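As the structure is a computational prediction, the values presented were derived from the model and not from experiment. Below, read A as the first sequence line, B as the second, and so on, with proteins coming before strands; counting in each chain starts at 1.
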Protein chains: 2
Amino acid sequence: MTQNVYKHHDHHSCVDSALNKARRLCEESGQRLTPVRQRVLEMVWANHKPVGAYDLLPKLAEEGFNSAPPTVYRALDFLLDLGLIHRISSLNAFIGCNHPGEAHPSCFFVCRECGRAQELDSRLMGSLASKAEEELGIKVEQQMTELMGLCPICQKEAS
Amino acid sequence: MTQNVYKHHDHHSCVDSALNKARRLCEESGQRLTPVRQRVLEMVWANHKPVGAYDLLPKLAEEGFNSAPPTVYRALDFLLDLGLIHRISSLNAFIGCNHPGEAHPSCFFVCRECGRAQELDSRLMGSLASKAEEELGIKVEQQMTELMGLCPICQKEAS
DNA sequence: AAACTTTAGGTTATAATATAACAATATTGT
DNA sequence: ACAATATTGTTATATTATAACCTAAAGTTT
Ligand SMILES: [Zn+2]
Ligand SMILES: [Zn+2]
Ligand SMILES: [Zn+2]
Ligand SMILES: [Zn+2]
């Protein structure tokens, strides 16, 4: 179940699954997966590398979509709100979510060499939040964790 | 020892301690805490709210320092490299480190109302990293965690 | 269907954050 | 004093993101 993007896998099924979940979530919430939104989601899922908003603009232009920043940011904001993608703050980039629909913190490892990002089990983040809430009297509403380093593939190539 | 920035405290001692540690770390590493670097560090420590690079520019200008973006970014990069400050990616802002000199992940809670940030014990992040390294074969080199929510003070004011 | 309301997209401009490149100056070591 | 290195000054530009206002499309009510 917990996939590993650094292993060979049928990536078509990653994309299919993401699109199916997106359609379902849109239906459930009475929102519309318009062409530009769907296409942006597909582009984010083109591979497992976080993609910047401005990388998407020329691709949308190629396909005849309007391509001004607000267009792509609106689509990305829509997908973020629905939990279909996450934002990797340290990269100013966006990546598909592995299990949209289940509220959870953004928790990723990103390889500094190849750029591929792996979503991690975020349950440990829950403990961190609970502990902080208890000790400091704070109320945690959102959280994100980003790890950086070398993936198994790039470790091998380094040696 | 683990301070709580949401409680009343002698903030002068926060700043003094930060400066003393900075001087020590610079000496140990043979680097220079030049006037602009020290002043930027002091400004970052003015309160416990993460500060943006462009907020610092006019303040430096007031004091007669050169105030072009490269000046402040160089100072911030210097302080980051020495571990004297952390960057809060989700805010594009910088905050003083509570225990510089001891290598550790950046781990903060930020109140969405008052903006004050509390550095958290990052040891739990270590477990997350170890687990991910074991399960995925990755090598984690850096990590950051950012929590958002309401601090105790702002919770009270909300009710 | 017509009129109305709501949602989404188009367009232009600009804000906010960050870095490149190169020249000038200050500091350190010999 | 001299050379080597580190730091700062300066100008320009790259990158990321949003504001504001208008138009079009889709859903809703009558
Ligand atoms: Zn895949
Ligand atoms: Zn996710
Ligand atoms: Zn303080
Ligand atoms: Zn710290």
For a side-chain contact (heavy atoms from CB on, under 4.5 Å) with Phe108(A), tell me which candidate from Leu91(A), Leu120(A), Ile95(A), Leu147(A) qualifies.
Ile95(A)
Taking 4.0 angstrom as the limit, do Arg24(B) and Glu28(B) come out as a salt bridge?
yes
With the threshold set at 4.0 Å, does a side-chain nitrogen-carboxylate oxygen contact exist between Glu42(B) and Arg39(B)?
yes
Does the ring of Tyr54(B) meet both stacking tests against the six-membered base ring of dT17(C): centre distance under 5.5 Å and plane angle under 30°?
yes
Go through [options] for me and flag the one nearest to the [X] side chain.
X	options	value
Thr71(B)	dT16(D), dA8(C), dT10(D)	dT10(D)
Arg37(B)	dT7(D), dT11(C), dT17(C)	dT7(D)
Arg32(B)	dT10(D), dA6(D), dT17(C)	dA6(D)

Nearest-Å distance for atom pair [atom1]/[atom2], residues [X] and [N]:
X	N	atom1	atom2	answer
Asp55(B)	dA16(C)	CG	C1'	11 Å
Tyr73(B)	dA14(D)	OH	C1'	12 Å
Glu27(B)	dT28(C)	CD	C1'	16 Å
Leu91(B)	dT17(C)	CG	C1'	13 Å
Leu76(B)	dA16(C)	CG	P	18 Å
Asn66(A)	dT12(C)	CG	P	10 Å
Phe78(A)	dA8(C)	CZ	P	7 Å
Arg39(A)	dG9(C)	CZ	C1'	18 Å

Parallel, tilted or perpendicular: which fits the ring planes of His11(B) and Trp45(B), with parallel below 30° and perpendicular above 60°?
tilted
Check whether any side-chain nitrogen or oxygen of Asn92(A) sits under 4.0 Å from OP1 or OP2 of dA17(D), and answer yes or no.
yes
So for the helix from dA1(C)-dT30(D) to dT30(C)-dA1(D), with five pairs setting each end axis, what is the inter-axis angle to 10°?
30°
Taking the nucleotide of DNA chain D with the closest heavy atom to each, which residue, Asp77(A) or Val36(B), is nearer the 5' end?
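Looking at the nearest nucleotide for each, Val36(B) comes out on the 5' side.
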Position toward the 5' end of DNA chain D (nearest nucleotide), Gly30(B) or Ala68(B)
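It is Gly30(B) whose nearest nucleotide is closer to the 5' end.
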Neighbour count above 12 (heavy atom, 6.0 Å) for Arg23(A) CZ:
yes
Check whether more than 12 heavy atoms from other residues, nucleotides or ligands sit under 6.0 Å from atom CD of Gln142(A), and answer yes or no.
no
Is there a donor N/O on one and an acceptor N/O on the other, under 3.5 Å, for the side chain of Arg74(A) and the base of dG10(C)?
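For Arg74(A), whose side chain was compared with the base of dG10(C), there is a donor-acceptor pair (under 3.5 Å).
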Could you say whether Pro35(A) or Gly52(B) is positioned toward the 5' end of DNA chain C, judged by the nucleotide with the nearest heavy atom to each?
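Upstream on the strand: Pro35(A).
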Knowing that exactly one of Gln3(A), His48(A), His86(A) qualifies, which makes a side chain to side chain donor-acceptor pair (under 3.5 Å) with Glu119(A)?
His86(A)
